[in-house]
Amino acid sequence: RAALQHACFVARTRPRRRAERKRRNFRVHGSDMPAWEQQEVEIEQEVLHVKRTVEQELQKVRDAGRGDLEKMEEDANFDEELIQIRRRIEKATNLLQKGLVEREKEVKLLLLATLCREHILFIGPPGTAKSELARRMSMVCRGNYFERLLTRFSVPEELFGPLSMKGLEMDQYVRKTHGYLPEASIAFVDEIFKANSAILNALLTILNERLFDNGNKRIPVPLVCLVGASNELPESEELDALYDRFLIRKIVRQVSEAGLSQLLTGVAWEDDDVEQAAEGEASPVDPSIDDEEEPVLLVEDLEKTRRKAIAGVAVPPTVIDLISDLRTFLQDKCEPPVYVSDRRLVKAVAMLKVAAYTNGRSQVNEFDCLLLTHCFWQRTEDCDKVDDWLLSQLSVDDGAKQVKYLLKGLFARACRAQGDAQKCAAIQGEILQVKALLSSKVSALRNTLGGEFASIRKHLWIGQDDAEAIVAAISPLMEKNKAAVEDLLGEVLVLEVAMSRRTEPHILAELLPAYWADFIRNGPVQR
């Protein structure tokens, strides 16, 4: 083994020792060295100088990435108002899932839907705590609560209130809405897809426009979130509009075998606990909150947070492209196609803004888009398609192929420049733009990997189990992607240093042999 290691060391250091020997001979013998050997020594010296300079530049990029990570950690401070909102959200999360087993995802999605003033649909068998979550949500946010189970024979009076007898005497067709859906802040409607056409028309207007037609007047309704529940997906086309009104959709499953012991031995939930917490009394779940008189979540706080998020959070072009590509994939490349309406796209972007704002960021990032798994599906099997596509896009950078193609063109122009000062300067200016792009990519990847995927693990709306599964799926691919981008950045730096020194083509061939071979093979032949 020692002999093998020595042989590897000799083979690895032979080119450097040969160059050093030639330099010594050149210094000692001077003009006695043949011209061809002098030229070879000069080439080797130039190549070594360029490589040392490139290594120094790469180290600067790595150090800058570490500095960005430290600065990001230092700047991850929330303003006082946002801190209070986060504390209330965390307290509400604890209250909602107290005594429930394997319902962290459902609780987080219900809270997110309420913050966004959107509606959520729970699909699953009976007895999986769908209605319980809605009741607890109404207690947490101090909202008027309405609950109803629909059947094929349900009439509008069950949801919107009975007709006013006095109104009929005065030739007015109005309803007494007190205690019914038009005056509720949080509502739960079970078996919602059994709504008939008489209920459907008024329900669609309430869900989307937050308006209710009562007689000859259209009155606003205070509805914040309607929780719909069903044992099955809609089959009739006339229910498509109602189905599209639910931005967030979640399949609720029975407790797994691993959680059965916790379910059967856990402490039963007491409604008094939620009511006490909603009234500002001591919290049975989170004793770390100092201000016991502080309410958990008020409807006014929800609306204020949503408005701030929509106005103050930016959506970068990379996220816009990601969402657009996802819609194209679902509608054009999936069989059967998955329809995503324009309304759903707009509302999904607003939801991502709220998610980013509550996580303390001023713009949406790609990891926020993981929440789209719960928005862009029509059938249960579509969930895996959306999830797999998003994970593949987050861990693979298709832009590297374009940069590689661009770099081949710049290398060909550098070879044809033949050391011309004006041409080399023009090429160097274009190389600087590519360098800035790759440097930002390297820094972003290093921050993500160096921070142990803090953007995912500490995400307010991604459950702990989901976060660990996501990290396990994309971590190896992102490590590979980072290595590929760093190699590409090294090649760009080599070309930049070479252009700054007006390097001749024969030296470029030594520095970037793969690009030289491609240039010789595919370059145009000039007579």
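Just the heavy atoms: all of them, side chains too, but no hydrogens, waters or symmetry mates, feed the values below.
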Any donor-acceptor pair under 3.5 Å from [X] side chain to [Y] backbone:
X: His119; Y: Leu207; answer: yes
X: Asn359; Y: Ala355; answer: yes
X: Lys130; Y: Pro125; answer: yes
X: Glu104; Y: Gln97; answer: no
X: Asn214; Y: Lys217; answer: no
X: Arg152; Y: Lys194; answer: no

Kindly compute the distance separating [atom1] ([X]) from [atom2] ([Y]), expressed to the nearest 0.5 Å.
X: Ser197; Y: Leu203; atom1: OG; atom2: CG; value: 12.5 Å
X: Cys141; Y: Ile186; atom1: SG; atom2: CD1; value: 4.0 Å
X: Leu302; Y: Arg117; atom1: CG; atom2: CZ; value: 9.0 Å
X: Thr305; Y: Ile89; atom1: OG1; atom2: CD1; value: 6.5 Å
X: Lys108; Y: Leu96; atom1: NZ; atom2: CG; value: 11.0 Å
X: Arg344; Y: Arg245; atom1: CZ; atom2: CZ; value: 10.5 Å

Subject >> Residues that Lys435 engages under salt bridge (charged side-chain N to carboxylate O under 4.0 Å, His left out), provided they are two or more places apart >> reply: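 Counting only residues at least two positions away or on another chain, Lys435 forms a salt bridge (charged side-chain N to carboxylate O under 4.0 Å, His left out) with Glu57, Glu496.
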Original post:
Can you name the salt bridge (charged side-chain N to carboxylate O under 4.0 Å, His left out) partners of Arg218, sequence neighbours left out?
Top reply: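 Result, salt bridge (charged side-chain N to carboxylate O under 4.0 Å, His left out) vs Arg218: Asp213.
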Report yes if the side chains of [X] and [Y] come closer than 4.5 Å at any heavy-atom pair, otherwise no.
X: Tyr180; Y: Pro162; result: yes
X: Ile462; Y: Phe367; result: no
X: Leu133; Y: Phe122; result: yes
X: Leu95; Y: Lys91; result: yes
X: Glu106; Y: Leu100; result: no
X: Thr114; Y: Val140; result: no
X: Leu150; Y: Leu159; result: yes
X: Leu200; Y: Leu239; result: yes

Kindly give the heavy-atom pair with the smallest separation between [X] and [Y], and that separation in Å.
X: Ala314; Y: Pro316; value: O-CD, 3.7 Å
X: Cys375; Y: Leu371; value: SG-O, 3.9 Å
X: Gly259; Y: Val101; value: O-CG1, 3.7 Å
X: Lys308; Y: Tyr357; value: CD-OH, 3.4 Å
X: Leu149; Y: Ser154; value: O-OG, 4.1 Å
X: Lys385; Y: Glu335; value: NZ-O, 3.7 Å

For [X], I'd like to know if atom [atom1] has over 12 heavy atoms of other residues, nucleotides or ligands within 6.0 Å.
X: Gln254; atom1: CD; value: no
X: Arg253; atom1: CZ; value: no
X: Lys482; atom1: NZ; value: yes

**OP:** Output, in order, the C-alpha distance, side-chain angles, deciding distance and verdict of side-chain contact (heavy atoms from CB on, under 4.5 Å) for Leu111 and Leu115.
**Re:** CA-CA 6 Å; Leu111 268 173; Leu115 270 174; 5.8 Å; no
Original post:
Run the side-chain contact (heavy atoms from CB on, under 4.5 Å) check on Asn365 and Asp368 step by step: do they pass?
Top reply: CA-CA 6 Å; Asn365 65 19; Asp368 292 324; 3.2 Å; yes
Subject >> Distance-only side-chain donor-acceptor flag, Glu147 / Ser131, under 3.5 Å >> reply: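 Distance-only check fails for Glu147 and Ser131.
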Subject >> Gln84-Glu80 side chain donor-acceptor pair, cut-off 3.5 Å >> reply: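 Present: a donor and an acceptor within the cut-off.
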**OP:** Report the C-alpha distance between Arg87 and Glu90 in whole Å, list the side-chain angles of each, state the deciding distance to 0.1 Å, and finish with yes or no for salt bridge (Lys or Arg N to Asp or Glu O under 4.0 Å).
**Re:** CA-CA 5 Å; Arg87 291 173 65 188; Glu90 291 168 359; over 6 Å; no
Original post:
Looking at residues at least two apart in the chain, or sitting in another chain, which of them share a ring pair (Phe, Tyr, Trp, His ring centres under 6.0 Å) with Phe329?
Top reply: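 Listed in chain order: Trp389.
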Subject >> ring pair (Phe, Tyr, Trp, His ring centres under 6.0 Å) partners of Tyr243, counting only residues at least two apart >> reply: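 Here the qualifying residues are Phe193.
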**OP:** Applying side-chain contact (heavy atoms from CB on, under 4.5 Å), run through Glu118 and Ile248 and close with a yes or a no.
**Re:** CA-CA 8 Å; Glu118 293 297 340; Ile248 300 177; 5.7 Å; no
**OP:** Give me the one residue out of Leu247, Leu112, Leu110 that meets side-chain contact (heavy atoms from CB on, under 4.5 Å) with Ile120.
**Re:**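 The residue from Leu247, Leu112, Leu110 that satisfies side-chain contact (heavy atoms from CB on, under 4.5 Å) with Ile120 turns out to be Leu110.
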**OP:** Pick out which of Met170, Gln172, Lys176 makes a side-chain contact (heavy atoms from CB on, under 4.5 Å) with Ser164.
**Re:**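 Filter result, single survivor: Lys176.
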Going by an N to O cut-off under 4.0 Å, is there a salt bridge joining [X] and [Y]?
X: Arg327; Y: Asp342; value: yes
X: Arg103; Y: Glu132; value: no
X: Arg379; Y: Asp382; value: yes
X: Arg175; Y: Glu157; value: yes

**OP:** Show your reasoning for whether side-chain contact (heavy atoms from CB on, under 4.5 Å) applies to Phe188 and Arg135.
**Re:** CA-CA 8 Å; Phe188 175 77; Arg135 294 189 196 102; over 6 Å; no
**OP:** For residues 206-225, pull every pair meeting ring pair (Phe, Tyr, Trp, His ring centres under 6.0 Å), keeping only residues two or more places apart or in separate chains.
**Re:**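 Non-adjacent pairs meeting ring pair (Phe, Tyr, Trp, His ring centres under 6.0 Å): Phe160-Phe212.
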Under 3.5 Å, which donor-acceptor pairs link side chains of residues 221-236 to any protein atom two or more places apart or in another chain?
unit_1 : atom_1 : unit_2 : atom_2 : d
Ser230 : OG     : Glu232 : N      : 3.1
Ser230 : OG     : Glu232 : O      : 2.6
Asn231 : ND2    : Glu191 : OE2    : 2.7
Ser236 : OG     : Glu238 : N      : 3.4

